[in-house]
Amino acid sequence: MSILEVRDLTVTFPGGIEAVRGVSYEVERGEVLGIVGESGSGKSVTSLAVMGLLPQNAVVSGSVKLHGRELLGMKEDELVKVRGKAISMIFQDPLSAFTPVYTIGDQIAEAVRVHQKMAKDKAAKRAVELLDLVGIPNPNLRAKAFPHEFSGGMRQRAMIAMAIANDPDLLICDEPTTALDVTIQAQVLEVLKTAQRETGAGIVMITHDLGVIAGMADRVLVMYAGRPVEQGPVDDIYYRPRMPYTMGLLASIPRVDGEEGPLVPIEGNPPSPASLPPGCPFAPRCPMKVDMCDDEEPPLTPFGGGRHVACIRAHEIEHKGLTGADVFPVPVIPPSDVVRVPRTERATVLELDGMKKHYPLMKGAIFKRRVGTVFAVDGISFDIAEGETLALVGESGCGKTTTLQQIMQLEPPQDGRVVVLGKDSAKLDKTARKALRGDLQIVFQDPMAALDPRMPVGDIIAEPLRAHGRKDVAAKVAELLRLVGLAPEHAERYPQQFSGGQRQRIGIARALALEPKLLVLDEPVSALDVSIQAGVINLLEELKNRLGLSYLFVAHDLAVVRHLADRVAVMYLGRIAEIGAVANVYDRPAHPYTQALLSAIPLPDPEMERTRKRILLEGDLPSPADPPSGCRFRTRCPKFARLSEAERRRCVDEEPSVARLANVVDHGAACHYAEEIEVITASDNQEEE
Amino acid sequence: MGKYLLRRLAINVILVAIAASLAYMLAATTMNPRAAYEGRQPPVPEATIDATLDAYNLNDKTPVLTRYATWAKGVVTGDFGKTWNGGSVNQEMGRRVMVSLRLLLIGTLLGFALGVALGAFSAVKQYKLSDRLIGVTSFVIMAIPVFVLATLLAIATYNLNRGLGFTLIEYTGEYNPQLSGWDQFVNRLNHLILPTISLSLGSIAFYSRIQRNMMLDVLGQDFVRTAMAKGLRRRKALTKHALRTALIPSATYFAFAFGTMFTGATFTEKIFNWHGMGAWLVDSINQNDVNSVAAVTFFAAVCVLAAAFLSDLLVAALDPRVRVS
Ligand code: SF4
Ligand code: SF4
């Protein structure tokens, strides 16, 4: 019998906004159900409704049965006995999910004591055991720490510990790893699997990341505009999707093991729940749409083999064996002229040579005193040739943002050199600096925060033009809007009237206003939904080729980087660990950190995920104020652990610098024992062979 | 942590010294105690006036810095000098300090406690009728100056008492000297009611607004949801997790609100005819009484900084993040 049975669940918010419109699913014991959807698809609201945790003004109807017992409309007295006991929930952002003023241990013990009659000291002991179970080192000590003293990954582990404290039958995980870096995500997913094994619980895993679902779920439910549009066993969904939305979604995600070249975008935006289209909610974006699609919303109908699809053309898709690439048009991006010239003969647009940026570490509320130094960027060198994209990747705290800021400032660095378009930033005077600013522009991560909400879009784009005293502003604005795929009429509107993807296009238009030669992209697509992402990535690629731009692209998503970048530099704790042409670094990474990073990225491919061999890293990033001696990666390096005592000495004493690897033109790694191996597709099976 | 508080304490002492010195300088240079003697009939000879003023350290012919030095030396040994007519400032202060402290202390604590409770309540009931009512009332109260509020209260009580035919609530003075023992204690309490209300209404309104905002911030946060997700009742999650966290920012306003409170106390004392420090300040300004003004200012500075220190202590007690770093 299923643990949880959800039938026709609907959630309506005040103003008649239907966030969830009829969701049904069940979860068996020990089973993992993945719920996928983009923001606004209603996937999180569904789970909060199951827990009874929605705001009081939300109207919930339908049925939610736990072990056959109806939860909807249950009295609080009864409900509190279920929450945290039979069903537990793991939330997305573990910093705000813990109360800042109580220790982690106390909060876990509280969860224990709510449901079990247990003395305080015993509950505290149980909390320590649980922390130990989820792999927190020194659990005795760490239980007494406050949430802000934990790193993100540790907090998420503690969250899992708290969720399994009462041996629940069902765990609901709402984007459990979205806020985490990939190597930490891999650790946490491992812990989650352990937790499931320990408790035998069923899991509902809610996420937008199709890679995470592929590796975890047994069955998948795809949501769009508040409704399930496809449901079935994980392999069917990934390999034989029968609903155009699912097909498009799977085709649009960039993959670390993917080919370069344009991605498949899904045009348009998800509908707002306040104004749904009359028939199929996906119709306005669906390339397979026929007139009948507008007549009524296709219901989720059984399709055989435990599958359900909500599309009137599903059988046709099955019959013809259509895939996402068949259905969705792949844009053609004109190639760049610049790249025909060999790299060595092209001009260098940006050169960094041993650049350093150290911050003083201050303490004290009124009388500040220096207690140390944060080595944010500690001597990095790279260059970008004309018409090229270099991606700077690494996890949070690796120094990529600091690097970018230092470049944008055009000020002399503390040490080393920054040369932009042949001009050394240390030798610029005021006018030269201003002139150079026009050639060096930036696109920010968060499109909403970067645009002034009180200014019409036309003025936002015109701002840099006016600041530099350009004439004929209006015509230029119209041209720019057309360039990024918007209409000139859009100039009159305000930023909040645009969707996230469109806002990012506006940000790009503004950055292009002064016809820069080098564009710095600071996580330009990480705030966007997958289906939107592909369009923006394609646009960037196209603009680069058409306008002969060069990009410095800062990102943490290695899959996106693979598609957009020509070369990649992997940073760790303020240094470059590995650098080279994308194909070299991705297919034959030589630095143990790059290897771990690449192997940690989940692939949207259930088959591969099941057999894939992961290189798991231990622990968290060391503090950049106190980096380890010698090689900075040695405290977490899996290779270091396998070295002999004598070999290790070198890692401890001598800091490796980037050395070119033999027999490849563009590939270097900062490791004494660099060795190229393949990791993305490495599987356990191969090992055995 | 202890070191942090000690340092804050030391800084506060220095700040009190600076504030008191500046106040003395201002009073000593702008006020003219001589006027009280000069206008007399029959006229007092100038030499006599000088001698008297010299004895009280009030003579404007002595350079202000010299007078300041004398005054400061006295204050350090606990002597606040003489009033304009030769009385002891210390004695006067002794009589009045408790009167004011009683009002201020009760007013502050009541204001904080009730304000926080009301604010939290109206945050939980956001946009409901009770929330709107509390909101509107708070803004009205904050818009009325204390002296108007106090006068209105006094008039209302007067009418109430007259309508009832007996004195239900006292509206003037501190106590009835004819009573004694238990009766007098109760009578004192009765006398306290009106001034306390007039004094704390403002801060209740102030804190309720602040606390409502803080609480709303916190209510939207995930940890309240987490607390409920692990099986706590809504009420318990709200008090134990939300309110506890939302108290921290309110505690930092403690010192600030106290300053306003002191100003309020001045009017309240005058209007309800209490002989406290605030009333004294008004009187001594009228009488060009330099040393008394300086003494009241000193008292006010000590009070405000004590409140600041208290709010530091409170924040440290409430917020582990301050304690650890
Ligand atoms: S029902 Fe029509 S519009 Fe909707 S997904 Fe199927 S083909 Fe596309
Ligand atoms: S130098 Fe040593 S510690 Fe550093 S990455 Fe290479 S093997 Fe690991």
Side-chain angles (χ1 to χ4, degrees), chain A residues 14 47-48 50-57 75-77 79-103 106-116 144-149 158-159 162-163 165-166 168 172 174 363-367, chain B residues 1 3-12 14-15 123-128 214 216-249 251-252 308 312 314-325:
Chain A
S47 61
L48 287 176
V50 169
M51 288 289 280
L53 287 177
L54 283 174
Q56 285 161 331
N57 56 13
K75 287 253 157 19
E76 193 188 21
D77 288 343
L79 206 53
V80 290
K81 288 184 198 143
V82 176
R83 282 192 206 135
K85 173 93 185 74
I87 313 181
S88 292
M89 190 153 176
I90 293 166
F91 295 98
Q92 169 174 6
D93 181 2
L95 176 56
S96 51
F98 278 103
T99 311
V101 296
Y102 299 116
T103 64
D106 280 352
Q107 295 189 51
I108 298 177
E110 187 185 26
V112 174
R113 275 164 52 90
V114 175
H115 298 286
Q116 302 174 31
K144 296 192 188 74
F146 288 94
H148 69 278
E149 298 170 275
M159 189 85 209
M162 191 156 89
N166 294 303
I172 300 180
D174 188 359
K363 224 182 154 172
I366 296 167
F367 303 115
Chain B
M1 186 57 219
K3 237 168 79 189
Y4 165 76
L5 286 177
L6 264 181
R7 212 171 53 218
R8 286 305 280 260
L9 195 63
I11 293 169
N12 282 355
I14 296 169
L15 285 177
V124 172
K125 299 266 174 227
Q126 192 189 11
Y127 300 141
K128 298 246 171 71
M214 298 305 157
L216 281 180
D217 272 1
V218 170
L219 281 184
Q221 299 223 3
D222 292 348
F223 61 79
V224 183
R225 212 169 55 184
T226 310
M228 279 164 69
K230 64 185 175 189
L232 290 186
R233 276 159 208 284
R234 188 175 138 84
R235 175 188 279 268
K236 179 117 188 240
L238 287 183
T239 46
K240 191 175 169 193
H241 290 263
L243 183 59
R244 172 69 165 67
T245 311
L247 266 180
I248 299 167
T252 53
D312 280 349
L314 218 65
V315 170
L318 288 172
D319 192 352
R321 286 164 293 190
V322 175
R323 251 177 288 152
V324 179
S325 59

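Each chain gets a letter, A, B and so on, in the order the sequences are listed, and its residues count up from 1. Bear in mind that the values here come from a model prediction, so they are computed numbers and not experimental data.
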*Decide side chain to side chain contact (heavy atoms under 4.5 Å, CB included) for B/R244 and A/T99; before the verdict, give the C-alpha distance in whole Å, the side-chain angles of both, and the deciding distance to 0.1 Å.*
CA-CA 9 Å; B/R244 172 69 165 67; A/T99 311; over 6 Å; no
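Applying the side-chain hydrogen bond (donor to acceptor under 3.5 Å, both in side chains) test to A/Q107 and every residue at least two apart in sequence or in another chain returns nothing. Every residue was checked against the side-chain hydrogen bond (donor to acceptor under 3.5 Å, both in side chains) condition with B/N12, not counting sequence neighbours, and none meets it.
The residue among A/E76, A/M89, A/K81, A/H115 with the most heavy atom pairs within less than 4.5 Å of chain B is A/E76. The candidate with the highest count of non-hydrogen atom pairs below 4.5 Å against chain B, out of A/K85, A/M51, A/E110, is A/E110. When each of B/K236, B/R225, B/Q221 is scored by its heavy-atom pairs under 4.5 Å with chain A, the top score falls to B/R225.
Using a distance-only test at 3.5 Å, with no hydrogens or angles considered, no donor-acceptor pair links the side chain of A/N166 to the main chain of A/Q116. Counting only distance, with no hydrogens or angles, the side chain of A/Y102 and the backbone of B/K240 share a donor-acceptor pair below 3.5 Å.
Residue A/I90 does not touch chain B at all, counting heavy-atom pairs closer than 4.5 Å. Both the backbone and the side chain of A/D77 come within contact range of chain B, each with at least one heavy atom under 4.5 Å from a heavy atom of that chain.
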